[in-house]
There are 2 protein chains.
Amino acid sequence: MAHSSTIHESLTAVFQVRRYPRDIAAGHAPADRAEGMLLRCPPDQRTELAVLLWERALDPQKGTWSLPGGRLGDDEDLDASARRQLAEKVDVRELSHLEQLSVFSAPDRVPSPRRIASAYLGLVPLTADPQLPPDTAWHPVSALPDMSFDHRTVVDHARTRLAAKLSYTNIAFALAPDRFTMSTLREIYCAALGYDVDTTNLQRVLSRRKVITPTGATAAPGRAGGRPAAVYRFTDSGLRVTDEFAALRPPGPS
Amino acid sequence: MAHSSTIHESLTAVFQVRRYPRDIAAGHAPADRAEGMLLRCPPDQRTELAVLLWERALDPQKGTWSLPGGRLGDDEDLDASARRQLAEKVDVRELSHLEQLSVFSAPDRVPSPRRIASAYLGLVPLTADPQLPPDTAWHPVSALPDMSFDHRTVVDHARTRLAAKLSYTNIAFALAPDRFTMSTLREIYCAALGYDVDTTNLQRVLSRRKVITPTGATAAPGRAGGRPAAVYRFTDSGLRVTDEFAALRPPGPS
DNA sequence: CCAAAAGTGTTACGATTACACCCATGG
DNA sequence: CCATGGGTGTAATCGTAACACTTTTGG
C-alpha cells in the first residue's frame, strides 16, 4: 500500500464561562429563550459558555470560523503541541485544563493534503481575560457562526464531555476562579450544563464529596443588600473522579 | 519547523470473556486469590477477561507481546484501519464493538521512525471462538506477559473504560451471546469488572433500564438439577447510554 | 421594616444493595 | 425428598431534588 504525506494536527475547543450584557434595547425583543432555557442570574446580564474561534482570512473556506490548532512538531507530543498552538491565541498560563477528546481521520475531512486531527477540550477560568489577536473572538455556544470543516462537531463533542464530567468529577475547578461564592459557582454550572441547578443542593453535593472547601472568609453583599456569602475554594487543583459508579458498585465490606 | 516522516497506526485491545479450566492438579497450589478477588462461578472453571496479543518474532523488542494494529492507509479512516488490521487476527464479523480510546504521541514511544498510535477498545462475544494465527493468543488480564512499548498502558486504559461503560451503558451486549441466562450474564459482568455482582440486582437494574428483555424461553437445567433459567436478550444491538447523570440531573418537569 | 441574597432544615422520592424466602428440577 | 440452581419479595440505605423557612445585610 502506498502512503502519501499526511499531516497531524491538534484542534482545541477552548471554553470559558463569560458574562454578557443583556441586550435590552437591542433590535429584537427580549427574546432570550434560546431553547426555553433561561438562567435567572443577575437581571442585567446573562452568563454563557463561550468558545474561542478565529476567522479564516484565506481559502479554503475563507470567512468561516476555526478552532485554534495546528501542525504537530517533530519533537513534541500532541498535548504539548496543543498548548503551543494555543499560546498564539491565549496566554498559556490561563489554560486551566486540557484533555484529549478523539481523533478525526476521515481522508477527505479537509482538502488535501490529508490532515488527521486530534481534538482537545480546553478550559479557561471565569476570571481570566486574555488579550486576543484581532482575528480571534469568544462566541457563545448558543450562537455559533459558520464553522470550518468538521470543527462544529468538535465543539459539540467537547460540550458533551464537559457536561458529563461536571457531574462526576471536580472539573469545574478549571472554570471557576480561585475563590468564589456559591452563587458564582452556580452560574458557572448553569452556563456549562445549559440548565438550572439549585444552589442549595449544589453546595451539599460538592461538600459531601469534598470537592469544595469553605475558606472561612465571607464576601461583602452587593449594593442591594443581602446576607454576606461564604467563600469557597476547590479542594484539589487537578482533575479527580468523585463519583465513579453510576450503578453496579463493588460489594460492600461485608 | 522541519517535519520528518511520521507514521500513524491503530492499536486495539480486543477483549473477550473466556472460560479457563481450573488448574487443580497444576504445579502450584489452588492459589486462585489474584488480589483476594475470586469468582464463585462454576467450580471447575474460572471465567476471565482476556486480551488478544501476538508475539514479536523480530526486533525491536523481540519476544514481547503486542496489540494487533498497524499503519493507517491513504484512503481509510482510523476505524476502518483498525478493523482491517484486526481481520488478520480474528474474523471481523466476530468483532461486536470497536471504540476509540486515546492517542499515544510521545516522540520516542517507539524507535524511529516516529509512530503516532490511536488506541482502540474492541470486544468479542463470549461464544465466538475465532481461529488465531500461530503467533497470536488470548491472555487473561490477570496474567499479562511482557508487553511491547506502551501497549500495557493501552490495555489498562481499555479495561478502565470497559468497566466504566458497563456501569452506565449497555456495552455488555458486545460481550454476551445473543441469548443468555442471568447466570451467564453475571459471569460476564464479574469477569469484566473484576468483582462479584449479585445476580438478583443485576437483573433488576438491567430490566428497569430496559437494557435486557426476556425472550420467554427457558434453558434446561444442568445435570445437577435446579430450576430452568429464563432466557434473555439485549434490547438494543448498538451502544446506548442508560444512566447519563451521576448527579446534578436536569430539573424535573415542574 | 422591607426587600434581597444566603444559608439551614425537612421531606419525599428513586435507585440500589443485601438478604431471606419461595419455586422447579434431577437424582 | 432433598440438594441445587433460579426467581421473587422486602427492608434498609443512600443520595439527591424540591422547597419552605430562617438569617443577615442595605436602603
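The sequence lines fix the lettering, A, B, ..., with proteins before strands; numbering per chain opens at 1.
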For B/T153, all residues meeting side-chain contact (heavy atoms from CB on, under 4.5 Å), sequence neighbours excluded | B/F104, B/D150, B/H157

Mind calculating the distance between CG (B/L202) and C1' (D/dT8) to the nearest angstrom?
-> 16 Å

Do any N or O atoms of the protein come closer than 3.5 Å to N or O atoms of nucleotides 10-14 of chain D, and which pairs are they?
{"from": "D/dT10", "atom 1": "O4", "to": "B/R204", "atom 2": "NH2", "distance (Å)": "3.0"}

Upstream residue (5' side of DNA chain D) when B/P250 and B/T181 are each assigned their closest nucleotide = B/T181

If only atom types and distance count, is the side chain of B/H151 paired as donor or acceptor with the main-chain N or O of B/L67 below 3.5 Å?
-> yes

Round to the nearest Å and state the distance from A/R208 atom CZ to D/dA17 atom C1'.
-> 12 Å

So, the side chain of A/T169 versus the backbone of A/I171: is there a donor-acceptor pair under 3.5 Å, distance only?
-> yes

Looking only at side-chain N and O atoms, does B/Q203 come under 4.0 Å of OP1 or OP2 in D/dT8?
-> yes

Could you pull out all residues at least two apart from A/R18 that satisfy salt bridge (charged side-chain N to carboxylate O under 4.0 Å, His left out)?
-> none

Take the protein atom CZ of B/F245 and the nucleotide atom C1' of D/dG15, then report the distance between them rounded to whole Å.
-> 16 Å

Return the value, rounded to whole Å, for the distance between atom CG of A/L185 and atom P of C/dA6.
-> 13 Å

Using atom names, set out every protein N or O paired with an N or O of nucleotides 22-27 of chain D below 3.5 Å, distance rounded to 0.1 Å.
{"from": "D/dT23", "atom 1": "O2", "to": "A/R227", "atom 2": "NH1", "distance (Å)": "3.3"}
{"from": "D/dT24", "atom 1": "O2", "to": "A/R227", "atom 2": "N", "distance (Å)": "3.1"}
{"from": "D/dT25", "atom 1": "O2", "to": "A/G226", "atom 2": "N", "distance (Å)": "2.9"}
{"from": "D/dG26", "atom 1": "O3'", "to": "A/R223", "atom 2": "O", "distance (Å)": "3.1"}
{"from": "D/dG27", "atom 1": "OP1", "to": "A/R223", "atom 2": "O", "distance (Å)": "3.4"}

For the side chain of A/M182, counting heavy atoms from C-beta on, which of C/dA15, D/dA17, C/dG7 is nearest?
-> C/dG7

Closest heavy-atom pair, A/Q16 versus A/P125, reported as atoms and distance to 0.1 Å, is NE2-O, 2.8 Å

Separation of C/dT16 atom P from A/D243 atom CG, nearest Å, is 12 Å

Rounded off to whole Å, could you give me the CZ-to-P distance for the B/R186 and D/dG5 pair?
-> 12 Å

Mind calculating the distance between CG (A/D198) and P (C/dG9) to the nearest angstrom?
-> 16 Å

Salt-bridge criterion met for A/R83 and A/D79 (N-O under 4.0 Å) = no

So what does A/A220 hit on the nucleic acid, given a heavy-atom distance under 4.0 Å: a base, only sugar-phosphate, or nothing?
-> nothing

Contact list for residues 229-252 of chain A, test ring pair (Phe, Tyr, Trp, His ring centres under 6.0 Å), sequence neighbours left out | A/F180-A/F234

Given D/dG5, is OP1 or OP2 found less than 4.0 Å from the side-chain N or O atoms of B/S183?
-> no

Take the protein atom CZ of A/R249 and the nucleotide atom P of C/dT16, then report the distance between them rounded to whole Å.
-> 7 Å

Taking every heavy atom of B/A163 against every heavy atom of B/L193, the minimum-distance pair comes out as O-CD2, 3.7 Å

Across all chains, not counting sequence neighbours, the side-chain contact (heavy atoms from CB on, under 4.5 Å) partners of B/R209 are A/A247, B/V205, B/V211, B/T242, B/D243

